[in-house]
Amino acid sequence: MTNTGSNDDQTSTANAMWGGRFAAGPDAIMEAINASISFDQRMARQDIEGSRAHAAMLAAQGIVRDNDAEAIREGLLTVLSEIEGGNFAFSTALEDIHMNVEARLKELVGEPAGRLHTARSRNDQVATDFRLWVREQMDAAIEGLEALQRALLGQAEAGADWVMPGFTHLQTAQPVTWGHHMMAYVEMFGRDASRFRDARVRMNESPLGAAALAGTSFPIDREMTAKALGFDRPCANSLDAVSDRDFALEFLSSASICAMHLSRLAEELVIWSSAQFRFVSLSDRFSTGSSIMPQKKNPDAAELIRAKIGRIFGANVALMTVMKGLALTYSKDMQEDKEQVFDAADNLMLALAAMTGMAGDMQARVPELEAAAASGFSTATDLADWLVRALDMPFRDAHHVTGSLVKLAEDKGCDLPDLSLEEMQGVHGEITEAVFEVLGVHNSVASRTSYGGTAPVRVREQIARWRGALG
Ligand code: ARG
């Protein structure tokens, strides 16, 4: 640090990394708004991996001496073990993880530490660290989704032919099978996993070596560092490499869609576990009691999943907003990317794990499901279809006749199968005894054998396909 200013106090606080140009240290408020170490310390491992790869490349290219690079690489391992062991004093004055690590490296290995930042900037460094961090979260999300799919698959296998009401507008529509309903979510979570997989392919390029923004005059080997860090290739444009965070936004948008699916399932579990529905009982492991009402068993985990989803949506909007007005290339605004992604990732993983536990544990109440499936005139469509098939009626007329039969049953306070043949014939004279076969819920679901339909035979095919894919 060279400083000739008159204020000795301030001279002594000028920054070690760029103190050459500065006479004074930052105001305390400046330090508070500027420092990211309180959160970006979560990228310590990725930062050190990136620096080790960079040091090895600098030596291989003859840019720094082998023994200096070796000292740097060894020293970085010591820093990592200090951080992981909780024996590291993070300094706010050193702003961020990059400078905290480098300053400690200097204490450990001395002069060679100053050679690590050759042909590099914190701009490509942070872009690299953050990509590595987000890439791990994409892998974790895929793993979490597959575990959830397996839990749902287990439910579908157990209840491929249990009947339950299928709803539209949350009004009873047609009977469906429990397995079919579970498999609907298996499909959704399968697409969520594929979104993370697609995004991972796109983001797996290395920003390292883009330097501040324009590349470097040193003869670096970007292929080498890319390969060492598990990237497919280096980013092709140095300006793009340091200035875009679209990979983080793809993580957040994929996470948001996945979160939306989780929230819908959570909502169903809240409804299904209520005393009014009684479709499922949730395990004690994922429920809580009430301090005043002894009868209560609350689906808190489902409610919290439903609520936490808001943070993930919020992170997506927040980072989109941070990025939308930034001229190329790096601006400090982009430091705001991390907390959003960290929080969203933490809550997504927690929500996935909680849903996996709940979905695996929940017990369907099969008799209640079946009773509900049979109520609400759920086989009215089957009756209309029968009139079309057996009496060659146009569907529109069949719909009308069925409507009259539903009205009759409603007036009598009974369900469709409880009407007598005479009563039915009072509405339409050609109806025969055979109609009663289609009014039962099991026959109803068994008849829906079109591809993707609710018939147990079709549902089992889908279960087998997913079992093959997920193991
Ligand atoms: N802490 C910074 C961030 O997270 C690191 C990059 C700083 N670069 C710079 N030119 N000030 O974005």
Side-chain angles (χ1 to χ4, degrees), residues 14-22 24-27 29-51 53-54 76 79 83 88 90-105 114 116-137 203 206-216 225 229 235 237-249 251-252 315 318-345:
N15 189 288
M17 301 292 168
W18 57 67
R21 194 194 174 306
F22 279 67
D27 189 273
I29 300 293
M30 178 58 199
E31 197 168 276
I33 196 172
N34 195 36
S36 53
I37 189 60
S38 64
F39 49 89
D40 69 11
Q41 55 182 266
R42 289 187 68 173
M43 306 192 305
R45 184 165 44 77
Q46 292 77 8
D47 191 69
I48 286 170
E49 274 170 32
S51 288
H54 185 64
L76 284 168
V79 178
I83 293 175
F88 191 95
F90 290 106
S91 151
T92 310
L94 288 166
E95 242 186 88
D96 57 23
I97 186 62
H98 323 298
M99 296 205 289
N100 269 267
V101 169
E102 194 183 319
R104 179 65 185 137
L105 183 67
L116 171 60
H117 215 52
T118 315
R120 185 178 79 168
S121 152
R122 276 188 299 158
N123 295 349
D124 59 338
Q125 194 178 351
V126 73
T128 304
D129 296 0
F130 198 35
R131 274 198 203 224
L132 292 172
W133 199 91
V134 171
R135 190 176 71 186
E136 283 179 24
Q137 298 303 308
M203 67 102 71
S206 171
L208 195 56
L213 74 165
T216 174
T225 45
L229 296 171
C235 300
N237 183 300
S238 64
L239 305 177
D240 173 43
V242 296
S243 67
D244 208 353
R245 294 292 183 268
D246 59 352
F247 63 90
L249 287 165
F251 174 74
L252 291 176
L319 186 54
M320 282 289 231
T321 311
V322 166
M323 297 303 296
K324 76 172 181 59
L326 302 185
L328 301 190
T329 55
Y330 179 85
S331 294
K332 199 59 172 268
D333 308 52
M334 288 156 68
Q335 181 165 284
E336 287 291 311
D337 55 3
K338 286 170 226 40
E339 281 173 294
Q340 300 298 339
V341 171
F342 292 165
D343 187 71

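Every number for a ligand or one of its atoms is a count from 1 in the order of the listing.
Applying the 4.0 Å criterion to heavy atoms of Ser36 picks out, from ligand 1, the atoms 1 (N). Counting atoms of ligand 1 from 1 in the listed order, those under 4.0 Å from a heavy atom of His98 are 5 (C).
Counting only distance, with no hydrogens or angles, the side chain of Asp40 and the backbone of Ile97 share a donor-acceptor pair below 3.5 Å. Using modelled atom types, no side-chain atom of Arg120 and backbone atom of Gln125 make a donor-acceptor pair closer than 3.5 Å. At least one donor-acceptor pair closer than 3.5 Å links the side chain of Asp124 to the backbone N or O of Ala211.
The number of heavy-atom neighbours closer than 6.0 Å to NZ of Lys332, taken from other residues, nucleotides and ligands shown, is above 12.
Residue, atom and distance of the protein heavy atom nearest to atom 11 (N) of ligand 1 are Arg122 NH2, 3.5 Å. Of the protein's non-hydrogen atoms, Gln335 OE1, 3.2 Å is the one closest to atom 2 (C) of ligand 1. The nearest protein atom to atom 10 (N) of ligand 1, hydrogens excluded, is given as Asn123 OD1, 3.0 Å; this is a heavy-atom distance. Looking from atom 6 (C) of ligand 1 to the surrounding protein, the closest heavy atom is Tyr330 OH, 3.4 Å. Among all non-hydrogen protein atoms, the one lying nearest atom 5 (C) of ligand 1 is Asp96 OD2, 3.5 Å.
Contact analysis puts Lys338 in contact with ligand 1, with a non-hydrogen atom separation below 4.0 angstrom. Not a single heavy atom of Gln125 sits closer than 4.0 Å to an atom of ligand 1.
Counting only heavy atoms from C-beta outward, the side chains of Gln41 and Phe88 never approach each other to under 4.5 Å. Counting heavy atoms from C-beta outward, Glu102 and Met99 have side chains that stay 4.5 Å or more apart.
Checked for salt-bridge contact, Glu49 and Arg135 miss the test: no charged N lies under 4.0 Å from a carboxylate O.
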